[in-house]
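Worksheet: one structure, shown below.
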Amino acid sequence: MVRLYGAAEGHEDQGPQAADDPRSSREDDALLGDAATARKPGRQGHASLMSSTSNLANTIIGSGMLTFPLAMASAGIIPGIITCVFSGGVAAFGLYLLSLCAAKAPHRRASFFTIAEMTFPSAAVFFDAAIAVKCFGVSISYLIIIKSLMPSVVAALYHDLTSPDVNPPAWMLSGQNWITIIMIPLVPLTFLRKLDSLRHTSYVALFSVAYLVLIVIVCYFFPLKGTQEPGEIYLVHFTPSFVSTFPVQVFAYTCAQNLFPIFNEIHTNSQKRMNLVIGTAIGSAALIYEVIAVFGYLTFGSKVGPNIIAMYPSTSLFIAVGQLAIVILVMFSYPLQVHPCRNCLDKVFHAGHTSKPVTEGEGEDDEPEDEHHASHDMTPLKHAVLTVAIVASGFTIAYFVDDLKMVLSFVGSTGSTTISFILPGLFWWKLSRDDPSTNKTLSRASLGLAIYGMFVFVFCLSFNIYGLFQKESGTLH
């Protein structure tokens with residue numbers, strides 16, 4: 001039977017001060033003897049509800065939201081709204097299952113590796129390696145986006161603030177120069193150990209999102225001069241491109257890689273508070289996606305493109321600042337990918353030194369420890385080496401490569417599906433199937449989520465392979 005380590009202290013709704021109440025300690029001493037005070041209390045989290053929600057929301061919301069009007073155009077307003085809500089609901093269910101799994105891990109030591117050791121120990125290293133590759137690929141894509149956007153952002157701002165006839169210096173139109181400059185403030189952020197330390201950059205990124213939403217709404221009610229006339233608008237109208245745009249909505253909610261760090265760091269990680277974090281983050285993202293999709297589609301109709309902000313005339317300073325907001329959003333999302341990538345690589349390289357999973361009946365009187373986290377986190381040297389390796393290699397690839405779209409589509413479709421649907425479903429199904437106290441309907445639903453994830457995995461992988469062959473055949477002709 002799978003060992004249930006017991007929920008992280010405070011996981012039941014007993015109040016945030018229960019664990020630290022000295023009266024409770026004295027009562028335990030009276031009942032259990034003086035040896036009761038010898039137990040070392042588990043470390044507590046310090047992240048606030050707002051910080052945790054903001055970091056999770058920033059992990060979810062990225063530049064992919066700008067594609068939602070095109071996704072709506074491929075099916076119509078009503079199917080577009082339904083698929084967006086459905087994708088968010090499925091993602092929220094996966095996060096909920098992960099939070100249930102985290103409650104059964106050692107005290108505030110939850111991770112994909114820890115849960116995998118409790119469920120599928122032989123595959124734990126492979127799971128973490130896949131997650132690390134996925135996060136590394138996404139971090140590179142962020143740098144490539146910055147490199148491709150900054151020259152046009154600078155040109156637009158330069159023309160709007162000076163004169164349309166005055167061009168910026170040549171060095172300012174080099175994307176390679178800009179990612180080099182932007183790495184200066186980003187590198188220190190990537191060395192931060194706690195996800196909670198990135199809360200301020202998440203606040204800034206979410207303000208950028210709010211500005212982009214404002215652009216889409218304002219430009220619908222007050223069209224800018226030079227905005228093209230909208231195409232046809234449908235309530236229901238499925239097109240062949242729906243096959244390629246639906247996965248965009250599915251993967252737009254990917255954030256499972258940062259759920260465990262949030263669970264470990266949040267103050268009083270009760271299920272009620274975790275549900276609030278998950279519901280608020282997913283709900284906010286869904287609302288933002290719906291607003292951008294509906295107003296963007298109503299503005300341009302069937303003529304809408306893959307980047308809604310690029311559809312507006314950049315001769316307006318209002319729009320130029322919006323393009324800069326995209327860069328800020330992507331820039332401050334970068335450390336949120338480096339953090340889980342580093343943690344997963346730590347597990348991969350430390351796999352040979354981990355202890356065997358605790359079985360039922362062993363160590364009942366001791367607080368179980370995740371051995372590779374015994375000193376709170378990885379050693380400073382290992383932390384520095386892994387961070388430098390991730391940042392330096394990612395920067396080098398982004399500096400010299402302009403397009404990794406095909407490679408990243410494979411990494412994203414497989415990695416995102418695995419961590420968002422397949423693993424949450426399989427983990428909870430394995431943990432709950434032999435436990436008579438768990439809800440069997442929830443257990444069966446978790447298995448259904450895993451099967452759904454496998455279907456999406458196969459579909460997206462097949463679609464990417466088909467697209468690759470189509471591209472090669474087109475090149476030959």
Side-chain angles (χ1 to χ4, degrees), residues 60 62-75 79-80 83-84 86-87 90-91 94 112 120 123 125-145 147-148 238-257 305-307 337 340-341 344 348 393-394 397-398 400-426 447-477:
I60 297 171
S63 58
M65 67 179 178
L66 304 177
T67 312
F68 269 75
L70 180 64
M72 182 164 284
S74 69
T83 53
C84 181
F86 170 78
S87 299
V90 174
F112 276 99
F120 304 97
V125 175
F126 299 103
F127 290 158
D128 267 69
I131 296 169
V133 171
K134 184 263 177 190
C135 293
F136 180 65
V138 173
S139 70
I140 294 174
S141 72
Y142 286 165
L143 295 180
I144 292 177
I145 289 172
K147 185 175 81 169
S148 62
F238 286 95
T239 66
S241 61
F242 176 74
V243 177
S244 61
T245 58
F246 177 67
V248 172
Q249 299 186 56
V250 173
F251 301 136
Y253 294 93
T254 302
C255 63
Q257 66 269 25
N307 181 346
Q337 298 297 330
C341 180
C344 289
V348 171
S393 55
I397 294 172
F400 291 106
V401 177
D402 293 325
D403 186 11
L404 282 176
K405 186 176 181 180
M406 184 55 66
V407 174
L408 293 175
S409 66
F410 279 95
V411 172
S413 60
T414 56
S416 296
T417 307
T418 301
I419 68 173
S420 298
F421 310 128
I422 299 176
L423 291 185
L426 289 180
L447 184 59
L449 178 68
I451 294 172
Y452 167 79
M454 293 174 189
F455 172 78
V456 174
F457 184 103
V458 172
F459 172 79
C460 292
L461 190 62
S462 303
F463 186 80
N464 286 335
I465 293 174
Y466 172 78
L468 181 63
F469 280 108
Q470 285 289 100
K471 184 177 180 181
E472 288 183 353
S473 63
T475 305
L476 292 176
H477 292 298

By ring-ring contact (aromatic ring centres under 6.0 Å, His included) - contacts of [X] (at least two apart):
{"X": "Phe136", "result": "none"}
{"X": "Phe459", "result": "none"}
{"X": "Phe246", "result": "Phe242"}
{"X": "Phe68", "result": "Tyr289"}

Q) Is any side-chain heavy atom of Ile419 less than 4.5 Å from a side-chain heavy atom of Phe127? A)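 No. Closest side-chain heavy atoms not under 4.5 Å.
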(Q) With heavy-atom distances below 4.5 Å as the criterion, would you say the side chains of Met72 and Thr83 are in contact? (A)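 They are not in side-chain contact.
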Q: Please step through side-chain contact (heavy atoms from CB on, under 4.5 Å) for the pair Leu423 and Phe120, ending with a clear verdict.
A: CA-CA 10 Å; Leu423 291 185; Phe120 304 97; over 6 Å; no
Please report the shortest heavy-atom distance between [X] and [Y], naming the atom on each side.
{"X": "Val411", "Y": "Lys134", "result": "CG1-CA, 3.5 Å"}
{"X": "Ile422", "Y": "Ala450", "result": "O-CB, 3.8 Å"}
{"X": "Ala398", "Y": "Leu143", "result": "CB-CB, 3.5 Å"}
{"X": "Ser141", "Y": "Val138", "result": "OG-O, 2.5 Å"}
{"X": "Tyr142", "Y": "Gln337", "result": "CE1-CG, 3.7 Å"}
{"X": "Leu449", "Y": "Gly94", "result": "CD2-CA, 3.7 Å"}

Checking [X] side chain against [Y] main chain: does a donor-acceptor pair fall under 3.5 Å?
{"X": "Ser420", "Y": "Thr417", "value": "no"}
{"X": "Ser74", "Y": "Thr239", "value": "no"}
{"X": "Thr67", "Y": "Pro306", "value": "yes"}

Q: Apply side chain to side chain donor-acceptor pair (under 3.5 Å) to the pair Gln249 and Ser87, showing each step before the final yes or no.
A: CA-CA 6 Å; Gln249 299 186 56; Ser87 299; 4.9 Å; no
Under 3.5 Å donor-acceptor pairs involving side-chain atoms of residues 460-467, not counting sequence neighbours:
from: Ser462; atom 1: OG; to: Val458; atom 2: O; distance (Å): 2.7
from: Asn464; atom 1: ND2; to: Ser409; atom 2: O; distance (Å): 3.2
from: Asn464; atom 1: ND2; to: Ser413; atom 2: OG; distance (Å): 3.1
from: Asn464; atom 1: ND2; to: Cys460; atom 2: O; distance (Å): 3.3

(Q) Holding to side chain to side chain donor-acceptor pair (under 3.5 Å), I want the full list of residues that pass it with Ser148, two or more places apart in sequence or in another chain. (A)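 For Ser148, no residue satisfies side chain to side chain donor-acceptor pair (under 3.5 Å) once neighbours in sequence are set aside.
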Q: Working to the nearest 0.5 Å, report the span between CD1 of Ile145 and CD1 of Ile140.
A: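 It comes to 12.0 Å.
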Q: Answer yes or no: does atom CZ of Phe455 have more than 12 heavy-atom neighbours from other residues, nucleotides or ligands under 6.0 Å?
A: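 Check fails, neighbour count at 12 or below.
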